[in-house]
Amino acid sequence: MIPDLSADRIDRLRDAFRDASYDADGVLDLLGHSAHAALGRGEPVPALRAVEGAGPLGTLVRLFLLGQAEKRAEVQAALGSLDVDEALAAGILTADGELLRAGLDIRPHGEGEHSWWVVSDLDSDLRGGRPLDADHVLGVGHASLSLVRATTRRKVGSVLDLGTGCGVQALHASTHADTITVTDVSERALALAGATFRLNGVDAELSAGEWFDPVRGRKFDLVVCNPPFVVGPPRTDFTYRDSGLAGDDASALVVRQLPSFLTEGGTGQLLASWVHRDGEDWEDRVSSWLPPGAGVDAWFVQRDVADPELYVGTWLRDAGYDPRSEQGIRKAAEWLDWFEANDVIGIGFGFVTLRRTDGPGEVVCEDLRHAFDDPLGPESDAWLRRVEWLRAHDSDDDLLAARLVTADSTVLEQVSQPGDEGWEAMVHRLHRTDGPGWQHEIDELGVRLLAGFRGALPLEELLELLAMGYGEDAEELAAAAIPMVRELVRHGMVVPAEWEGDDR
């Protein structure tokens, strides 16, 4: 059933939220950091204690964030001009005897100076542990937040949010885009996303249809997508996660088709999953999704690999199934049977950044399973810029003529062991202290070379000086250094001298 979320009802709901200070800052101020953090961990008692006697704001927090049943009079006081009966008819509330509960999940979501409300369906915890409905609209979860952090925030003209769900990616895009278009195969998702946009005064074009069908023939400066990327048999139990395509075909479809919907220089960013099979390199697998000479720069970043058993159990619980129940056991068995029949030994998960180029493009796959705090969005922009610079310096002569500097965020770690003449260096390891925290081991001559990267001399002259000082052949030294330097530039540990002081 599609909730009747008319513009007038949503406008009055927004007024009630504002009057009660039911927003990101208001909720944090009411709960305090400790109770707020506990609520994020799924521990409601500290928050319940904090909202006692807190008036309309406390009522709204108990309803929409804590899943509590509330008295009609208190709910009406919190909703202001939106009549309780209208909220019931709209599906915003639901009756529980003489008490009222939330019928939808409507919660504040903020980042920096921005604060929004997001409308979605109640998760299984707030549904009393009942499994989700097939057309369930997911709220702001870990996956959607990770995509938010991995997405560029540079100013763009047009954005497409493919498979918008509750609309959270489009909300963040509204801070840096002139126009926003969202699509979804689910009419319910579009209804809830429309309510999200109306609540927040965001102007977005909504279109229903599968994949890219609603926007055929159009191009965008930025495409973001959190697709139904769950890997498994070709079925659709839940529209938010299951595509009906087998294995990782959903991720492959988006990666393959997305570039044709980008303007020249436009960027696409998405979450994706891919299977790991015995004897098959995951890098070769995902690279094959883009045809040779596709005119695309592509950066595949693997953040995690799950074994099939863990993967199935996680997604069963996500949908509210008890893995020990008859239904849970049956679904798990079917899923694991499919993995076994298709030789799947692991499921990779990560981010994909694509850019439309006028040349052959660069495809790079990297494993980033170590922990780091910085968001990938700024790094993806910087990575694309560095790739473009390397393409412009594709020949060895061009790179040898470049003046380079070691980035301020690059530090050197040395591991030594005791020797006959004191400590002897065993390992020289470069670390980037920001972004994804890249690391590279280099040799003693590499350490000396980077010490000379101060922008004064071209790479070729530095190599000649190094060769003279250490009795090395200059050509052989250059042949060894050039691949290393390219990799260090790609990872932002060494940058062109003309970029020094440039924070882009």
Side-chain angles (χ1 to χ4, degrees), residues 1-24 26-27 57 59-67 75 78-84 86-94 100-111 114-127 132-141 143-145 147-148 161 163-174 180 182-208 226 238-241:
M1 185 180 71
I2 308 299
D4 185 10
L5 301 170
S6 67
D8 177 61
R9 287 171 175 169
I10 293 301
D11 289 346
R12 283 181 283 154
L13 184 63
R14 184 200 312 115
D15 292 341
F17 287 169
R18 286 178 172 169
D19 290 343
S21 295
Y22 181 64
D23 53 32
V27 170
L57 178 56
T59 300
L60 293 172
V61 169
R62 286 192 296 272
L63 266 177
F64 293 112
L65 300 185
L66 299 172
V75 174
L79 294 185
S81 62
L82 178 61
D83 188 78
V84 162
E86 284 192 82
L88 285 164
I92 296 170
L93 300 176
T94 186
L100 300 173
R101 292 184 181 273
L104 293 171
D105 188 308
I106 309 177
R107 64 181 57 218
H109 169 64
E111 181 186 60
H114 303 288
S115 180
W116 302 286
W117 298 281
V118 177
V119 183
S120 63
D121 280 321
L122 300 171
D123 63 25
S124 61
D125 289 340
L126 296 184
R127 289 163 53 91
L132 305 179
D133 296 325
D135 61 352
H136 179 83
V137 179
L138 199 65
V140 182
S144 56
L145 287 177
L147 181 57
V148 164
D161 180 7
T164 190
C166 65
V168 65
Q169 304 301 324
L171 287 183
H172 286 268
S174 71
I180 299 170
V182 307
T183 69
D184 208 289
V185 69
S186 166
E187 293 285 356
R188 182 175 181 85
L190 288 175
L192 298 194
T196 293
F197 302 146
R198 181 78 187 191
L199 266 179
N200 297 288
V202 171
D203 184 20
E205 173 194 0
L206 285 76
S207 297
N226 182 3
F238 304 99
T239 54
Y240 77 88
R241 73 176 203 193

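What you see is a predicted model, and the numbers here were worked out from it, not measured in a lab. Every heavy atom of this structure was used, including side-chain atoms; hydrogens, water molecules and symmetry mates were not.
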Could you go through Val137 and Cys166, starting from their C-alpha distance and side-chain angles, then the distance that decides it, and tell me whether this counts as side chain to side chain contact (heavy atoms under 4.5 Å, CB included)?
CA-CA 6 Å; Val137 179; Cys166 65; 4.2 Å; yes
Output all residues satisfying side-chain hydrogen bond (donor to acceptor under 3.5 Å, both in side chains) with Asn226, sequence neighbours left out; order by chain, then residue number.
none
For the student: nearest non-hydrogen atoms of Asp4 and Ala89, plus distance
CB-O, 4.4 Å
Heavy-atom check, side chain of Leu60 versus side chain of Leu79, under 4.5 Å:
yes
With a 4.5 Å cut-off on side-chain heavy atoms, are Ser120 and Asp105 touching?
yes
Apply the test side chain to side chain contact (heavy atoms under 4.5 Å, CB included) to residues Leu190 and Ile2: give CA-CA distance (whole Å), side-chain angles for both, the deciding distance (0.1 Å), then the verdict.
CA-CA 10 Å; Leu190 288 175; Ile2 308 299; over 6 Å; no
Going by side chain to side chain donor-acceptor pair (under 3.5 Å), name the pairs with one or both residues in residues 188-202, residues two or more places apart or in two chains.
Asp11-Arg198, Asp121-Arg188
Using 0.5 Å steps for rounding, measure from the CZ atom of Arg101 to the CG atom of Leu88.
13.5 Å
Quick one: are Gln169 and Val148 in side-chain contact, heavy atoms under 4.5 Å?
yes
Which value, rounded to the nearest 0.5 Å, describes the distance between Ser186 atom OG and Leu192 atom CG?
8.0 Å
Is the shortest heavy-atom distance from the side chain of Ile106 to the side chain of Leu13 under 4.5 Å?
yes
For residues Ala24 and Ser115, report the shortest heavy-atom separation together with the two atoms involved.
N-OG, 3.3 Å
Are the side chains of Ile180 and Phe197 in touch, meaning some heavy atoms are under 4.5 Å apart?
no
Find out whether Leu206 and Thr164 are in side-chain contact, i.e. whether some heavy atom of one side chain is under 4.5 Å from a heavy atom of the other.
no
For a 4.5 angstrom cut-off between non-hydrogen side-chain atoms, does Val27 reach Phe64?
no
d(Leu147 CG, His172 NE2) to nearest 0.5 Å is 10.0 Å
Evaluate the side chain to side chain contact (heavy atoms under 4.5 Å, CB included) criterion for residues Val140 and Trp116: first the C-alpha distance (whole Å), next the side-chain angles of each, then the deciding distance (0.1 Å), finally the verdict.
CA-CA 12 Å; Val140 182; Trp116 302 286; over 6 Å; no
dist Asp161:CG -> Thr183:OG1 (nearest 0.5 Å) comes out at 7.0 Å
Indicate the ring-plane relationship of Phe238 and Tyr240, choosing parallel, tilted or perpendicular according to the 30° and 60° boundaries.
tilted
Set of residues satisfying ring pair (Phe, Tyr, Trp, His ring centres under 6.0 Å) with respect to Phe17, sequence neighbours excluded:
Tyr22, Trp117
Return the minimal non-hydrogen interatomic distance between Ser144 and Gly139, and the atom names on each side.
OG-O, 4.0 Å
Can you list the residues that meet the salt bridge (Lys or Arg N to Asp or Glu O under 4.0 Å) rule with Asp23, with sequence neighbours excluded?
none
Listed partners of Arg12 passing side-chain hydrogen bond (donor to acceptor under 3.5 Å, both in side chains), at least two apart:
Asp8, Glu86
Run the side-chain contact (heavy atoms from CB on, under 4.5 Å) test against Ala90 and tell me which residues pass, sequence neighbours left out.
Leu5, Arg9, Ile92
For residues Gly26 and Leu57, report the shortest heavy-atom separation together with the two atoms involved.
O-CD2, 3.8 Å
Inter-residue atom distance Arg14.CZ - Leu82.CG, 0.5 Å rounding:
12.0 Å
From Leu65 atom CG to Arg107 atom CZ, the distance as rounded to the nearest 0.5 Å
5.0 Å
